Participant: 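Sharing a structure, written as structure tokens. Questions coming.
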There are 2 protein chains.
Amino acid sequence: MKLQKLYYLSTMKYDEAKSKFLETWGKLGSEWGINRTMAQIHALLLIAPEPLSAEEIMEELNISRGNVNMNVRELIDWDLVNKVLVQGERKEYFSAEKDIWEIAKRVAKERKRREIEPVLKVLEQLSRVEGDKKDKKIKEFANKMGELNNFVSKMDKSVDTMLKADENWFFGSVIKMIR
Amino acid sequence: MKLQKLYYLSTMKYDEAKSKFLETWGKLGSEWGINRTMAQIHALLLIAPEPLSAEEIMEELNISRGNVNMNVRELIDWDLVNKVLVQGERKEYFSAEKDIWEIAKRVAKERKRREIEPVLKVLEQLSRVEGDKKDKKIKEFANKMGELNNFVSKMDKSVDTMLKADENWFFGSVIKMIR
DNA sequence: ATAATCTTTCAATAAATTTTGAAACTTCAA
DNA sequence: TTGAAGTTTCAAAATTTATTGAAAGATTAT
């Protein structure tokens with residue numbers, strides 16, 4: 001039993017490899033605050049050579065129609081998936097953005113907008129806490145909020161830079177400068 | 001009621017500011033796959049001028065002793081918090097790493113080790129799927145896994161670079177090169 | 001030793017999140 | 001129109017994750 005597993009460490013059959021990928025991508029998603037099923041649907045569409053229908057997604061992942069609908073909608077909202085009209089078919093089909101750099105950019109853009117930007121607004125506000133600046137805890141609080149704001153805002157700006165940058169920024173030569 | 005909120009947009013009293021921070025940091029944590037309470041305890045220790053005891057954390061956050069114990073242990077495990085002996089006191093006190101660059105590095109290091117590295121191992125394996133390379137879906141699968149592996153591994157290496165780099169890499173001038 | 005103080009554990013419980021599936025809704029062809 | 005084919009919605013159920021709190025385990029002072 002253990003031996004069999006070791007054997008498959010070097011090569012795997014397609015079906016096994018596929019479910020391993022769906023499982024892995026789903027787990028990664030949930031560790032980073034993305035619904036596991038959403039990540040799995042994304043994984044499935046990512047490796048599908050052709051667009052898939054809701055039916056097909058239901059069957060592949062053993063999930064309900066409602067669940068497919070909600071998560072696909074969310075993926076469309078993130079601009080990672082789009083509806084595809086297949087000629088002569090009434091059903092809707094779905095396909096995922098296949099370019100990894102694009103995927104990374106869209107995820108970064110969305111998380112920045114939804115999660116980082118609101119935090120920045122709050123931090124900026126908190127660094128202007130009112131009160132006796134001689135009070136150690138108040139002074140330190142304001143300082144800490146200022147520091148955090150500064151840090152998160154630098155992160156945020158770096159993400160902006162990345163979003164604007166050509167893919168080459170990352171895959172190409174510029175990255176070597178900071179190695 | 002709306003007016004009052006608007007007033008507080010410019011300045012806030014310390015206690016309000018503090019709970020806003022605890023709430024915000026906790027929410028951010030949970031959006032990124034970190035337990036909300038763990039993030040709140042971290043936030044609390046981050047702004048505390050002196051180390052806090054389990055009792056104090058319990059009271060500040062209205063949570064149970066067991067919850068404090070588990071989450072503080074986890075924070076210690078992440079190397080974000082450490083036990084402090086206060087002279088003449090039997091109780092344990094806790095304090096957080098206060099340097100933001102250090103915090104970022106330790107979080108990055110931990111998530112990389114726990115979440116990214118295992119995924120890399122799987123992707124590498126999956127890119128060597130066995131089967132008929134003439135089969136479109138198998139060929140594309142292997143390609144996609146290779147691409148993903150390549151991408152995630154570049155990300156991973158960039159994090160390594162960051163971890164080894166001086167704080168200056170980020171706060172200083174090099175960052176301007178890629179702006 | 002014994003007791004007092006503090007910490008840890010973990011089964012039970014609560015809370016939050018995800019999923020289901022059937023009904024309502026939409027669209028389109030005949 | 002009507003109904004067949006498909007999509008969406010959302011309250012209820014299932015599942016997952018977090019929290020409690022009391023008992024057991026440590027540690028130190030007396």
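In what follows, every heavy atom counts, from backbone to side chain, and hydrogens, waters and symmetry copies are set aside. These numbers come from a predicted model, not from an experiment. Residue numbering restarts at 1 for every chain, and letters A, B, ... go by the order of the sequence lines.
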Participant: Is it true that E50(B) and K136(A) make a salt bridge, defined as a side-chain N closer than 4.0 Å to a carboxylate O?
Facilitator: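 Yes, charged N to carboxylate O under 4.0 Å.
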
Participant: For T37(A) and Q40(A), which I'm curious about, is there any donor-acceptor pair between the side chains at under 3.5 Å?
Facilitator: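 No - no donor-acceptor pair under 3.5 Å links their side chains.
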
Participant: Looking at residues 43-50 of chain B, who's got a heavy atom less than 4.0 Å off DNA chain D?
Facilitator: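 DNA chain D contact set from residues 43-50 of chain B: none.
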
Participant: Given that S30(A) and A54(A) both sit by DNA chain D, which one's nearest nucleotide is further toward the 5' end?
Facilitator: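 Its nucleotide being nearer the 5' end, the pick is A54(A).
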
Participant: One thing to verify: whether E16(A) and K20(A) come together as a salt bridge, which I'm taking to mean a side-chain N less than 4.0 angstrom from a carboxylate O.
Facilitator: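 Looking at E16(A) together with K20(A), the answer is no, because their closest N to O distance does not fall below 4.0 Å.
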
Participant: Under the 4.5 Å side-chain heavy-atom rule for ILVMFWY, direct or indirect, which residues accompany Y93(B)?
Facilitator: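 ILVMFWY cluster around Y93(B) also holds V84(B), V86(B).
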
Participant: Whether the side chain of K18(A) engages the backbone of F141(B) through a donor-acceptor N/O pair (distance < 3.5 Å, no angle test) should be reported.
Facilitator: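 It does not hold such a pair.
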
Participant: Are the side chain of E60(A) and the backbone of I57(A) linked by a donor-acceptor contact shorter than 3.5 Å?
Facilitator: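 Flag not set: sc E60(A) to bb I57(A) has no pair under 3.5 Å.
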
Participant: So, K144(B) and E140(B), do they make that salt bridge, N to O below 4.0 Å?
Facilitator: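 Salt bridge: no.
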
Participant: With rounding to the nearest 0.5 angstrom, report the CG to CG distance, L126(B) to L148(B).
Facilitator: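 Rounded to the nearest 0.5 Å, the CG-CG separation comes out at 9.5 Å.
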
Participant: Give me the residues of residues 55-73 of chain B where at least one heavy atom lies under 4.0 Å from an atom of DNA chain C, by number, or none.
Facilitator: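 Hits under 4.0 Å, by residue number: R65(B), G66(B), N69(B), M70(B), R73(B).
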
Participant: Do D77(A) and R73(A) have side chains that get closer than 4.5 Å, going by heavy atoms?
Facilitator: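 When only atoms from C-beta onward are counted, R73(A) and D77(A) do not touch, as no gap falls below 4.5 Å.
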
Participant: Which two nucleotides bound the region of DNA chain D that has atoms under 4.0 Å from heavy atoms of chain B, read 5' to 3'?
Facilitator: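 Both ends considered, the range comes out as dA18(D) to dT28(D).
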
Participant: Is the shortest heavy-atom distance from the side chain of W101(B) to the side chain of M162(B) under 4.5 Å?
Facilitator: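 Answer yes - side chains close enough.
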
Participant: Just so I know, are the side chains of E59(B) and L52(B) near enough to count as touching, which here means a heavy-atom distance under 4.5 Å?
Facilitator: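 No, their side chains stay 4.5 Å or more apart.
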
Participant: Reading DNA chain C from 5' to 3', where do the contacts with chain B start and stop? Cut-off is 4.0 Å to heavy atoms.
Facilitator: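 With heavy atoms of chain B under 4.0 Å away, the range is dA4(C) to dC10(C).
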
Participant: Between R36(A) and R90(B), who's closer to the 5' end of DNA chain C by nearest nucleotide?
Facilitator: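 In this pair, the answer is R90(B).
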
Participant: Is the closest basic N to carboxylate O distance between E102(A) and R106(A) below 4.0 Å?
Facilitator: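 Salt bridge between E102(A) and R106(A), a charged N being under 4.0 Å from a carboxylate O: yes.
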
Participant: Once ring pair (Phe, Tyr, Trp, His ring centres under 6.0 Å) is applied, do any residues pair with F151(B), and if so which ones, sequence neighbours excluded?
Facilitator: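 In terms of ring pair (Phe, Tyr, Trp, His ring centres under 6.0 Å), with neighbours along the sequence ignored, F151(B) is linked to F170(A), F171(A).
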
